Every structure is written in structure tokens, then in C-alpha cells.
Amino acid sequence: MTIKILAVGDVVGKQGLDHLATTLNKQKEALGVDFCIVNGENASQIKGICRADAEQLLYAGADLITLGNHAYSAPDTGAFLDERPDVIIRPANYPATNPGFGCTVADVCGIRVLCINLLGTVHMDPLDNPFLTLERILSAQKGNYDIAVLDVHAEATSEKIALARAFDGRISVIFGTHTHVATADLQILPGGTGYVTDLGMTGPEGGVIGAATEPVLRMLRDHMPARFTVAQGRVRAHAVLFSVDTETGRTTSAKQLIF
């Protein structure tokens with residue numbers, strides 16, 4: 001049996017949310033998608049995701065929302081993470097006492113899919129080691145899942161690739177998020193893991209990775225504080241469609257999409 005998993009890049013602001021509201025379910029139907037994971041890290045005006053926006057994203061067609069370093073930026077996110085761990089997870093290497101959970105097991109066509117969210121630590125917050133955290137999760141969940149999928153939200157491409165190499169063959173799908181730029185290294189690793197360093201983003205193309213240009217220039221060029229706002233311009237979603245053989249756990253095909 002083969003299941004199709006669609007992974008959608010970081011949603012940026014209302015523009016990204018509205019775009020998925022009109023396109024995602026149609027894409028899922030056209031592609032025969034069985035399960036859709038969307039990174040919602042920047043859905044609420046660039047920083048985090050509030051409950052209302054999370055609910056809109058789920059209504060738009062996301063089966064699971066993953067997060068990142070802005071997981072707790074919206075004031076009501078913590079409560080939603082605690083209440084709905086079946087549809088929204090945060091990076092597992094945050095302290096265990098934090099609201100929410102770092103993984104969940106979804107039933108996809110009768111297949112138990114372990115979905116994990118991790119945060120990188122190179123040039124990012126000094127959280128628990130993602131390699132050791134991932135090892136602990138796989139050990140704790142042994143026997144509770146059939147295949148595993150990982151969203152690694154990280155800055156350093158080397159860290160993402162190293163994680164993929166370390167867990168090749170043990171996790172069916174590993175995709176990176178956070179940098180908002182789709183990478184050209186989509187591949188199936190020797191052990192059968194489908195991998196891409198970054199999915200890209202779902203948002204407007206007219207600025208700097210989803211943010212309006214001028215505030216970014218004010219910060220980078222002038223070293224002055226600036227409040228980021230969402231850019232304008234054509235809105236597009238970047239995603240990857242992974243097909244996974246549930247008998248072997250291997251990814252059999254992977255295709256980058258823009259819609």
C-alpha cells in the first residue's frame with residue numbers, strides 16, 4: 001500500500017492563510033493526498049499562530065500543523081496545543097513542562113503515522129539536542145507506529161542534512177522548514193528516507209522571505225529596530241508530495257510543487 005503525504009512550507013500571514021483556503025483542498029483532491037502537514041510557524045502576521053488562524057488552516061485542508069521557534073508567540077497558542085495535540089504540535093526539544101507535545105500518531109488510511117516536530121539548535125535557541133531528542137522519541141514510541149515523518153525547523157542546512165543522514169531508513173519522510181526558500185536537493189536517501197532541506201514558504205513573493213522589504217533593510221542595513229510586516233505581491237505555496245510504501249516504510253517518489 002502507498003500513502004501520499006503532502007508537506008507545505010511555512011505559511012506567512014493572512015495572505016498565506018487565504019491562499020491555502022482557496023487552493024489546498026483542491027490540490028489535495030487532484031493529487032490524491034492522504035495526509036497533509038503544514039508548517040504554521042508564521043501564520044499570524046509573521047510571528048507564531050493564534051487559535052483562530054490555526055483553526056482556519058485546519059479548515060483549509062491541513063491535517064496537522066507543525067511549528068518552530070515562534071511556537072509560543074501568540075498568547076492563546078499554548079492552550080490550543082494542550083487541547084488539540086492531534087492536529088497541532090510544537091518542537092519536541094522544548095522543555096517537557098511547556099504547553100503542547102512534540103509528536104503525535106495519526107491514523108492515515110489505517111496506517112499509524114508518527115509525526116514529529118524538532119527545532120534546530122545551530123544559530124537558534126539552545127534547546128535540547130535534536131539528535132538525542134529524536135532518538136528518545138523513536139524509542140518511547142516503539143511499537144506504536146508504522147512509519148514516521150519529521151519536520152525539522154532549523155536555520156543551518158548542515159544540521160538538517162546531518163539529521164537526515166543519521167536517521168535515514170528509520171524515518172520515512174524528513175523535510176526542513178524555517179528558511180522560506182525551497183532548496184534544490186529533493187531526494188530519496190539510500191535507506192529510503194524522502195528528504196528535502198527546505199520546503200519553501202506559502203506567502204507573498206514581493207518582499208524578503210515573506211516580510212515587507214523596507215523593515216528588513218532598516219534592520220540589516222541601518223541596524224535600527226524595525227517591526228516586520230507581511231509583504232505584498234503574488235502569493236504562492238511551495239510544497240513536496242511524498243509517496244511512501246507502507247510495507248517497507250520507504251519513500252518511493254517525491255515531487256516539488258508550487259501552487
Side-chain angles (χ1 to χ4, degrees), residues 5 7-11 37-44 46-49 54 62 64-75 77-106 112-145 147-180 183 189 193-199 201:
I5 298 172
V8 181
D10 310 40
V11 178
I37 304 172
V38 181
N39 187 281
E41 164 74 359
N42 304 115
S44 294
I46 298 180
K47 231 177 177 183
I49 187 168
L64 179 69
I65 300 169
T66 53
L67 298 175
N69 55 306
H70 295 309
Y72 300 108
S73 294
T77 305
F80 193 58
L81 281 163
D82 279 337
E83 293 168 17
R84 295 301 309 275
D86 57 321
V87 295
I88 184 168
I89 57 176
R90 46 78 169 170
N93 45 340
Y94 273 116
T97 52
N98 282 26
F101 301 87
C103 65
T104 190
V105 178
R112 298 171 301 173
V113 179
L114 173 62
C115 303
I116 307 165
N117 194 185
L118 282 176
L119 199 62
T121 56
V122 178
H123 306 308
M124 297 189 77
D125 297 335
L127 301 184
D128 284 351
N129 185 298
F131 293 84
L132 301 182
T133 300
L134 186 51
E135 197 68 67
R136 286 195 297 268
I137 291 172
L138 294 180
S139 177
Q141 294 293 331
K142 187 176 181 179
N144 294 330
Y145 68 96
I147 66 171
V149 177
L150 169 66
D151 173 359
V152 53
H153 196 82
E155 185 76 33
T157 56
S158 56
E159 187 176 26
K160 297 178 189 180
I161 295 168
L163 268 165
R165 292 290 182 185
F167 290 89
D168 180 22
R170 300 176 63 191
I171 297 178
S172 298
V173 171
I174 298 177
F175 57 86
T177 56
H178 180 67
T179 65
H180 292 203
T183 54
L189 297 175
T193 296
Y195 172 76
V196 68
T197 297
D198 204 282
L199 295 172
M201 74 170 184

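Computed from heavy atoms alone, side chains included, the values below leave out hydrogens, waters and symmetry copies. All of these numbers come straight from a predicted model, not from anything done at the bench.
- Judged by distance alone, the side chain of Y195 and the main-chain N or O of I161 form a donor-acceptor pair under 3.5 Å.
- Counting all heavy atoms, side chain and backbone alike, T121 lies closest to D128 at CG2-O, 3.9 Å.
- Side chain to side chain, T193 and D168 meet the donor-acceptor criterion of an N or O pair below 3.5 Å.
- Here CG of L138 is found 6.0 Å from CZ of F167. Values are rounded to the nearest 0.5 Å.
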Evaluation steps, side-chain contact (heavy atoms from CB on, under 4.5 Å), between F131 and L163: CA-CA 7 Å; F131 293 84; L163 268 165; 3.7 Å; yes

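- A donor-acceptor pair shorter than 3.5 Å can be found between the side chains of T179 and D198.
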Worked verdict on N93 versus T133 for side-chain hydrogen bond (donor to acceptor under 3.5 Å, both in side chains): CA-CA 6 Å; N93 45 340; T133 300; 5.0 Å; no

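- Formation of a donor-acceptor pair under 3.5 Å by the D151 side chain with backbone atoms of N117 is not found in this model.
- Minimum interatomic distance between T77 and A71 (heavy atoms only, all atoms of both residues): CG2-O, 3.2 Å.
- For the atom pair CG of N42 and CE of M201, the computed distance is 10.0 Å after rounding to the nearest 0.5 Å.
- Distance check: F80 CZ to I65 CD1 gives 6.5 Å after rounding to the nearest 0.5 Å.
- At a threshold of 4.5 Å between non-hydrogen side-chain atoms, the residues F175 and I37 count as touching.
- For the residue pair L81 and F101, the shortest heavy atom distance occurs at O-CD1, 4.3 Å.
- A donor-acceptor distance shorter than 3.5 angstrom exists from the side chain of R90 to the backbone of P99, with no hydrogens or angles considered.
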Stepwise side-chain contact (heavy atoms from CB on, under 4.5 Å) check, L134 with L150: CA-CA 9 Å; L134 186 51; L150 169 66; 3.9 Å; yes

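- Side-chain contact, H153 with N69: a donor N or O sits under 3.5 Å from an acceptor N or O.
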Residue pair T183, V196: steps toward the side-chain contact (heavy atoms from CB on, under 4.5 Å) verdict: CA-CA 7 Å; T183 54; V196 68; 3.5 Å; yes

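- Remark: side-chain polar atoms of K160 are not paired, donor with acceptor, to backbone N or O of I174 under 3.5 angstrom.
- When atom types are taken as modelled, the side chain of E41 and the backbone of H70 share a donor-acceptor pair closer than 3.5 angstrom.
- In this structure, the separation between CD1 on I147 and CG on L114 is 9.5 Å, given to the nearest 0.5 Å.
- Scored by the salt bridge (charged side-chain N to carboxylate O under 4.0 Å, His left out) test, R170 finds E135 as partners (sequence neighbours excluded).
- A donor-acceptor distance shorter than 3.5 angstrom exists from the side chain of E159 to the backbone of V122, with no hydrogens or angles considered.
- Rounding to the nearest 0.5 angstrom, the gap separating the CG atom in L118 from the CG atom in L127 is 10.0 Å.
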Worked verdict on M124 versus H178 for side-chain contact (heavy atoms from CB on, under 4.5 Å): CA-CA 11 Å; M124 297 189 77; H178 180 67; 3.7 Å; yes

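- A distance of 5.0 Å separates CG in L64 from CD1 in I89, rounded to the nearest 0.5 Å.
- The backbone N or O of L119 lies less than 3.5 Å from no partner atom in the side chain of Y94, so there is not a single donor-acceptor pair.
- A pairwise comparison of heavy atoms in I49 and A74 identifies O-CB, 3.5 Å as the closest pair.
- The two residues C103 and I137 have their closest heavy-atom pair at SG-CG2, 4.1 Å.
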